Student: 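This is the structure, below, for whatever I ask next.
Atom set for the values below is all heavy atoms of this structure, side chains included, hydrogens, waters and symmetry mates excluded. From a predicted model like this one, the values you see are computed outputs, not experimental measurements.
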Amino acid sequence: MSHEVLEFDQVSQGLLEKAERDGVETIWDRKAAMKAPCGFGEKGICCKNCSMGPCRISPVAGKGAQRGLCGATADTIVARNFARSVAGGAAAHSDHARDISHVLYMACENGNYKVRDVNKLMKIAGEWGIETAGKDTYEITRELAEKALQEFGKPFGTQNFLSRAPKQRQKIWKELNIEPRAIDREITTIMHSTHIGCASDPESILEIAMRAALADGWGGSMIGTEFSDILYGVPTARGTEANLGVIEENMVNILLHGHDPSLSEMIVLAAEDPELVQLARDVGAEGINLVGMCCTGNEVTMRHGVKIAGNFYQQELAVLTGAMEAVIVDVQCIFPALARLSDCYHTKFISTSPKAKIEGSIYIEFAEEHALETAKKIVREAVVNYKNRDRSKVLIPENKSKAIVGYSVETIIGHLDKVVNSHTDVFNTVKPLSDVIWAGVLRGAAGVVGCNNPRVKHDKSHVTVIKELIKNDIIVVATGCAAQAAAKAGLLTMEAKELCGRGLKEVCERVGIPPVLHMGSCVDISRILDLVSRVAKERGIDISDLPVVGVAPEWMSEKAVSIGTYVVASGIDTFLGVTPHVTGSARFTDILTNTIENKVGAKFFFEEYPQACAQKIIDRIEEKREKLGI
Ligand code: SF4
Ligand code: MSK
């Protein structure tokens with residue numbers, strides 16, 4: 001077992017030693033067994049899009065095979081593989097949004113799912129041109145949900161939410177012909193265009209990929225976020241705690257893991273059910289302790305303050321504590337390895353989605369029609385399992401940090417309103433934020449997002465980049481596992497202002513916010529798009545003019561490829577701490593990291609060293625400021 005990756009996090013160190021003692025396997029063992037990764041795969045120059053292959057292109061120019069059997073070059077193969085990753089990521093986010101839209105459609109006064117935020121419902125209905133006068137709330141809800149479901153397959157027109165972008169950005173999309181049409185159509189087009197014998201021009205393949213990625217960011221993800229807010233409430237700032245130390249020794253512990261809030265919202269309700277709480281006491285526990293992981297964790301912490309057990313790399317460690325009665329999963333980012341690992345402890349590993357049946361798990365299908373009933377059944381399974389816990393196998397790390405979470409765009413604006421002190425100032429806008437950026441009090445803003453990846457030391461890149469940025473007066477908004485890394489490092493606290501430059505520290509004090517704002521889950525990157533669009537519109541400029549960047553220091557998923565692509569296509573430079581599988585084509589790499597800027601006003605940067613990455617971000621932000629003359 002290699003412990004090299006563990007230098008950064010002593011919490012994991014202790015648990016991995018326990019894994020060795022318990023004789024169980026973790027991701028680090030599997031990484032060690034994998035030895036060196038496949039060089040062709042790593043460079044993106046292996047194609048198996050037809051059964052004449054697989055065709056592998058020699059990475060040495062002029063030596064070995066330079067074309068696949070059909071004649072596809074490394075440039076084509078790399079571009080096609082990249083586009084297919086975008087399709088995978090856009091499909092995952094958007095299918096999540098489709099499910100949320102179905103839940104919204106079935107919401108009703110007396111059902112399990114209700115409208116919690118009528119204001120947001122009315123706002124989006126207005127944006128989408130739905131007549132609301134004289135209509136009952138649930139009539140509007142159904143009309144809106146139906147319209148959202150059409151966003152996936154409508155035969156004509158483009159995504160409704162594109163109108164949120166500044167006019168200049170919309171113009172760029174139109175001229176490049178990358179305005180996303182129906183979401184499913186864009187994903188299908190990628191699969192079609194990358195089929196054998198279709199597109200071979202890497203520029204054109206990237207444009208097709210950008211259009212699908214934009215269908216994710218300004219379509220699927222935005223629908224997922226906004227409709228979750230209508231159903232479950234717009235997140236507001238609240239305190240919580242983060243890291244494995246939130247697991248309680250004398251309580252029934254339940255881990256919520258995955259991405260879709262429709263199940264976890266019901267589990268939150270079920271865990272408060274007096275009958276189940278009493279049952280927990282009857283089996284000798286002090287109560288029921290829900291803890292979250294990955295983006296389901298982010299969803300429930302943003303809306304209920306549910307404590308964060310950890311991020312992506314910690315999913316096995318949570319089970320390894322020996323104190324987890326149940327791991328309840330929905331979709332995405334769930335290790336199949338959890339089934340085998342749970343078998344070594346008393347943990348019940350419960351999968352719930354027909355889209356993510358996991359071999360070796362207990363499958364309890366979550367049907368929204370019987371949502372609360374199913375949630376209670378699942379919680380009961382966990383509670384009665386408490387008596388099976390083997391105390392000799394329990395090791396709960398003590399580490400946990402306080403954190404403030406819940407910074408939706410509405411909450412951020414609400415905080416900004418509090419510091420507006422002139423009678424003539426306009427409330428409910430991002431003007432105070434843009435003012436401090438223009439005045440140079442803040443140099444700019446960075447969205448730090450994404451996963452963990454054993455190719456880099458877990459959490460180290462996230463935390464190093466974030467600390468360096470706030471030290472240089474760059475405010476950070478974070479989502480996904482990056483936000484959870486920041487939470488564990490104590491960066492989501494008011495006290496973290498002491499790590500900031502003078503300007504950011506002053507803003508934190510005046511506005512009453514931490515320097516790193518937890519904006520939610522992966523689909524909630526759409527909140528960041530909304531925020532930057534508002535700032536750009538307020539200044540009458542395009543998004544690409546703003547001193548803002550996107551950063552994914554430890555990304556790993558196809559969803560992250562889609563996110564990075566739509567962030568760049570939206571005009572925001574994106575810094576990747578893990579190099580994507582594109583380096584087998586110097587041309588495609590150059591398009592991504594250089595010439596794409598001529599089209600969309602932004603590009604990718606690949607930089608694996610977090611310190612160097614932070615410096616490049618700072619330089620780029622200063623460059624943008626200079627161009628703006630501020
Ligand atoms: Fe080889 Fe072309 Fe088939 Fe790909 S599509 S496997 S490069 S023949
Ligand atoms: S959960 S996609 S590991 S951020 Fe959204 Fe974390 Fe990445 Fe999954």
Student: Can a side-chain donor-acceptor contact be found between Ser361 and Ser351 if the only test is distance below 3.5 angstrom?
Tutor: yes
Student: Should Lys355 and Asp330 count as an ion pair when the cut-off is N to O under 4.0 Å?
Tutor: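 Asp330 and Lys355: not salt-bridged.
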Student: Flag the pair Lys123 and Glu127 as a salt bridge only when some basic side-chain nitrogen lies within less than 4.0 angstrom of an acidic carboxylate oxygen.
Tutor: yes
Student: Take atom CD of Glu139 as the centre, draw a 6.0 Å sphere, and report whether it contains more than 12 heavy atoms from other residues, nucleotides or ligands.
Tutor: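 Counting neighbours around CD of Glu139, more than 12 heavy atoms of other residues, nucleotides or ligands fall under 6.0 Å, so yes.
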Student: Checking side-chain polar atoms at under 3.5 Å, does Ser562 have a donor or acceptor matched by the opposite partner on Thr565?
Tutor: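 Result is no, nothing qualifies.
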Student: Could you tell me whether Glu558 and Arg84 have a side-chain N and a carboxylate O separated by less than 4.0 Å?
Tutor: no
Student: Per the side chain to side chain donor-acceptor pair (under 3.5 Å) rule, what does the pair list look like for residues 267-277, sequence neighbours excluded?
Tutor: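 Qualifying pairs: Asp273-Lys376.
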Student: Answer with yes or no whether the side chains of Thr236 and Arg238 bring together a donor and an acceptor at under 3.5 Å.
Tutor: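 A pair is found: one side chain offers a donor N or O, the other an acceptor, under 3.5 Å apart.
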Student: If we ignore angles and hydrogens, is there a donor and acceptor under 3.5 Å between the side chains of Gln315 and His257?
Tutor: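 Indeed, the side chains of Gln315 and His257 share at least one donor-acceptor pair under 3.5 Å.
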Student: Any luck finding a side-chain donor-acceptor pair between Lys307 and Asn243 under 3.5 Å?
Tutor: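 Side chains of Lys307 and Asn243: no pair found under 3.5 Å.
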Student: Please confirm whether the ring centroid of His346 lies under 6.0 Å from the ring centroid of Tyr386.
Tutor: no
Student: Would you find more than 12 non-hydrogen atoms of other residues, nucleotides or ligands less than 6.0 Å from Arg116 atom CZ?
Tutor: yes
Student: Return the orientation label for the Trp173 and Trp218 ring planes: parallel under 30°, perpendicular over 60°, tilted otherwise.
Tutor: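 Ring orientation, 0 to 90° scale: perpendicular.
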Student: Quiz question: by atom type and distance under 3.5 Å, do the side chains of Glu151 and Asn160 form a donor-acceptor pair?
Tutor: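 Indeed, the side chains of Glu151 and Asn160 share at least one donor-acceptor pair under 3.5 Å.
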Student: For Thr352, run the side chain to side chain contact (heavy atoms under 4.5 Å, CB included) check against Ile267, Leu263, Ile358, Asp260 and tell me which one passes.
Tutor: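 Of the listed residues Ile267, Leu263, Ile358, Asp260, the side chain to side chain contact (heavy atoms under 4.5 Å, CB included) partner of Thr352 is Leu263.
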Student: Evaluate whether atom NZ of Lys135 has more than 12 neighbouring non-hydrogen atoms of other residues, nucleotides or ligands under 6.0 angstrom away.
Tutor: yes
Student: Have Glu325 and Asn385 got a donor and an acceptor in their side chains that come within less than 3.5 Å?
Tutor: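 No donor-acceptor contact under 3.5 Å links the two side chains.
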Student: Would you find more than 12 non-hydrogen atoms of other residues, nucleotides or ligands less than 6.0 Å from Lys387 atom NZ?
Tutor: yes
Student: For residues 106-113, tabulate all N or O donor-acceptor pairs below 3.5 Å that involve a side-chain atom, not counting sequence neighbours.
Tutor:
from   : atom 1 : to     : atom 2 : distance (Å)
Asn112 : OD1    : Ala371 : N      : 3.4
Asn112 : OD1    : Leu372 : N      : 3.1
Tyr113 : OH     : Ser262 : O      : 2.8

Student: Is it the case that the side chains of Lys559 and His259 hold a donor-acceptor pair, with the cut-off being a distance below 3.5 Å and no angle test?
Tutor: yes
